[in-house]
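Just below is one structure, and these are the notes that go with it.
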2 protein chains.
Amino acid sequence: MTSVEEPARSNGRTRDAARTQAEILDVATQEFARVGFAGARVDDIAARTSTTKRMIYYYFGGKEQLFTAVLERAYGVIREAEQELDVEHLDPVAAIRRLAELTFDHHEQHPDFIRLVSIENIHGAEHIAASEKLGKIGSPALDVIRRILASGQRSGLFTADVDAVDLHAMISSFCFFRVSNRHTFGALFGRDLVDPAQREHYRAMLGDMVIAYLTAPRAEA
Amino acid sequence: MTSVEEPARSNGRTRDAARTQAEILDVATQEFARVGFAGARVDDIAARTSTTKRMIYYYFGGKEQLFTAVLERAYGVIREAEQELDVEHLDPVAAIRRLAELTFDHHEQHPDFIRLVSIENIHGAEHIAASEKLGKIGSPALDVIRRILASGQRSGLFTADVDAVDLHAMISSFCFFRVSNRHTFGALFGRDLVDPAQREHYRAMLGDMVIAYLTAPRAEA
DNA sequence: ACTAATGTACGAACTGGTGAGTTAGTAATA
DNA sequence: TATTACTAACTCACCAGTTCGTACATTAGT
């Protein structure tokens with residue numbers, strides 16, 4: 001982010017704090033996602049950088065804070081993407097399906113982010129808790145869901161009694177699991193959930209599931 | 001799981017290989033689940049045991065193999081539980097709902113197992129791949145799903161064109177996510193997915209979702 | 001007596017973090 | 001313009017504390 005492209009210096013070694021920080025974050029993101037927080041080595045991260053380990057401590061303070069910074073940037077990317085959601089011109093059913101599909105696509109396109117979130121959950125979300133930035137940023141996607149849901153429920157199209165957060169959990173769980181548990185699931189059941197050939201199948205399955213749930217005829221009560 | 005109830009041996013230091021191994025596995029399971037593979041310390045695991053670090057290497061060979069052994073036992077517990085599934089006397093709709101509920105309960109009751117699976121996924125399921133035991137054991141639950149599904153599809157009750165593995169993925173994803181992503185989800189959206197007061201709500205939501213998906217009227221095609 | 005099981009002590013390699021000094025950019029001043 | 005003064009950006013070498021693993025001694029059970 002904010003790469004200060006200095007046009008003059010072609011090859012490299014100009015002094016550029018923003019660039020150095022961004023490079024550290026790039027490498028750290030890969031490393032943390034690859035081997036987890038405890039598994040990552042500050043020395044290795046530094047080695048993959050064009051700068052030194054000292055700079056990591058200079059800019060971020062420590063391994064823990066570096067991980068927090070990585071998380072903050074990763075969540076920032078998500079939020080940016082969510083802000084570009086443009087589905088409210090559709091009817092509620094189509095809008096929800098489209099939203100589910102975009103969530104599906106986004107998870108598929110950002111496996112590193114999903115690994116980071118898995119790792120952060122193993123650590124009890126302590127870095128998120130420790131971060132000011134990540135504390136109270138509501139999800140734009142949640143607002144969108146809220147409005148679509150209200151519209152669909154008002155018109156009687158949606159019969160399910162869910163709120164936006166729960167629906168978001170439902171959609172996310174499928175998208176997240178498909179990527180996060182790809183390896184164990186594949187090893188145990190012999191099916192690659194992220195097989196490109198099955199992509200459309202699972203994308204449709206998610207949409208069908210969500211719409212079926214929202215529009216199912218409620219017999220009783 | 002396979003707790004160390006040795007009835008005969010009164011207090012302590014009798015020589016009992018099986019018991020020592022089981023104790024090591026108990027502690028190792030907790031530690032690995034708590035802080036991940038790289039985060040776990042062999043010395044700490046040993047310290048929480050009534051035996052010594054030497055025994056870990058004596059019986060398991062090393063940290064990596066210990067983790068594999070922990071995984072093997074954890075999956076064994078799951079398989080045992082799945083073998084006690086008894087839902088096929090119900091009609092397909094009720095059977096699937098019941099199966100989903102049991103899966104839901106099981107995930108909730110074994111958060112350590114879920115953490116281990118998350119961790120194993122971060123490591124690309126390499127330990128499962130390296131294990132002979134975990135290689136080719138089909139899931140009993142999968143067989144049950146397969147039969148219920150076939151029955152429901154034959155009778156026309158189930159309109160969805162899913163197979164057992166995909167349905168298992170769908171059910172698991174919700175159950176798994178609810179526990180595995182509890183912390184980040186709670187931190188970001190302010191809702192505890194594992195709040196006991198919401199338990200029935202989410203349990204019903206899962207059942208409704210799966211049944212709605214399976215029985216949804218397929219308009220087109 | 002013999003062996004499986006167990007405990008103690010130790011070390012080589014690693015790991016996060018830091019101390020201390022250097023270089024590049026920049027703006028004020030002469 | 002040249003000089004000086006200042007600071008952000010950076011490098012290198014090292015430390016203090018861990019961490020996995022093992023050599024060796026010892027004990028319990030048969």
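So you know, we letter chains A, B, ... as the sequences are listed, proteins then strands, and number each from 1.
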Protein-nucleotides 5-8 of chain D N/O pairs closer than 3.5 Å?
none

Rounded to the Å, how far apart are Q65(B) CD and dG21(D) C1'?
12 Å
CG (D161(A)) with more than 12 external heavy atoms under 6.0 Å:
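12 or below, so no.
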Establish, yes or no, whether a centroid distance under 6.0 Å links the rings of F176(A) and F177(B).
yes
F67(A) vs H127(A) aromatic rings, parallel, tilted or perpendicular, using cut-offs 30° and 60°?
perpendicular
OP1 or OP2 of dT11(D) less than 4.0 angstrom from a side-chain nitrogen or oxygen of T51(A), does that happen here?
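Yes, because at least one side-chain N or O of T51(A) sits under 4.0 Å from OP1 or OP2 of dT11(D).
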When you check the phosphate oxygens OP1 and OP2 of dT6(C), does a side-chain N or O of T20(B) lie under 4.0 Å from one of them?
yes
List the atom pairs, with distances to 0.1 Å, where a side-chain N or O of residues 140-150 of chain A and a protein N or O form a donor-acceptor pair under 3.5 Å, not counting sequence neighbours.
{"residue": "R147(A)", "atom": "NE", "partner": "E88(A)", "partner atom": "OE1", "Å": "2.8"}
{"residue": "R147(A)", "atom": "NE", "partner": "E88(A)", "partner atom": "OE2", "Å": "3.2"}
{"residue": "R147(A)", "atom": "NH2", "partner": "E88(A)", "partner atom": "OE2", "Å": "2.7"}

In B/S/- notation, 5' to 3', how is nucleotides 14-20 of chain C contacted by protein heavy atoms closer than 4.0 Å?
-SBBBBB
Please tabulate, one pair per line, all N/O donor-acceptor pairs under 3.5 Å involving side-chain atoms of residues 35-44 of chain A, not counting sequence neighbours.
{"residue": "R41(A)", "atom": "NH1", "partner": "A38(A)", "partner atom": "O", "Å": "3.0"}
{"residue": "D43(A)", "atom": "OD1", "partner": "K53(A)", "partner atom": "NZ", "Å": "3.1"}

Answer yes when R191(B) and D166(A) have at least one side-chain N-carboxylate O distance shorter than 4.0 Å, and no when they do not.
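Yes, this pair counts.
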Looking at residues at least two apart in the chain, or sitting in another chain, which of them share a salt bridge (Lys or Arg N to Asp or Glu O under 4.0 Å) with E82(A)?
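For E82(A) there are no salt bridge (Lys or Arg N to Asp or Glu O under 4.0 Å) partners, ignoring immediate neighbours.
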Residues in salt bridge (Lys or Arg N to Asp or Glu O under 4.0 Å) contact with E84(B), at least two apart in sequence or another chain
none
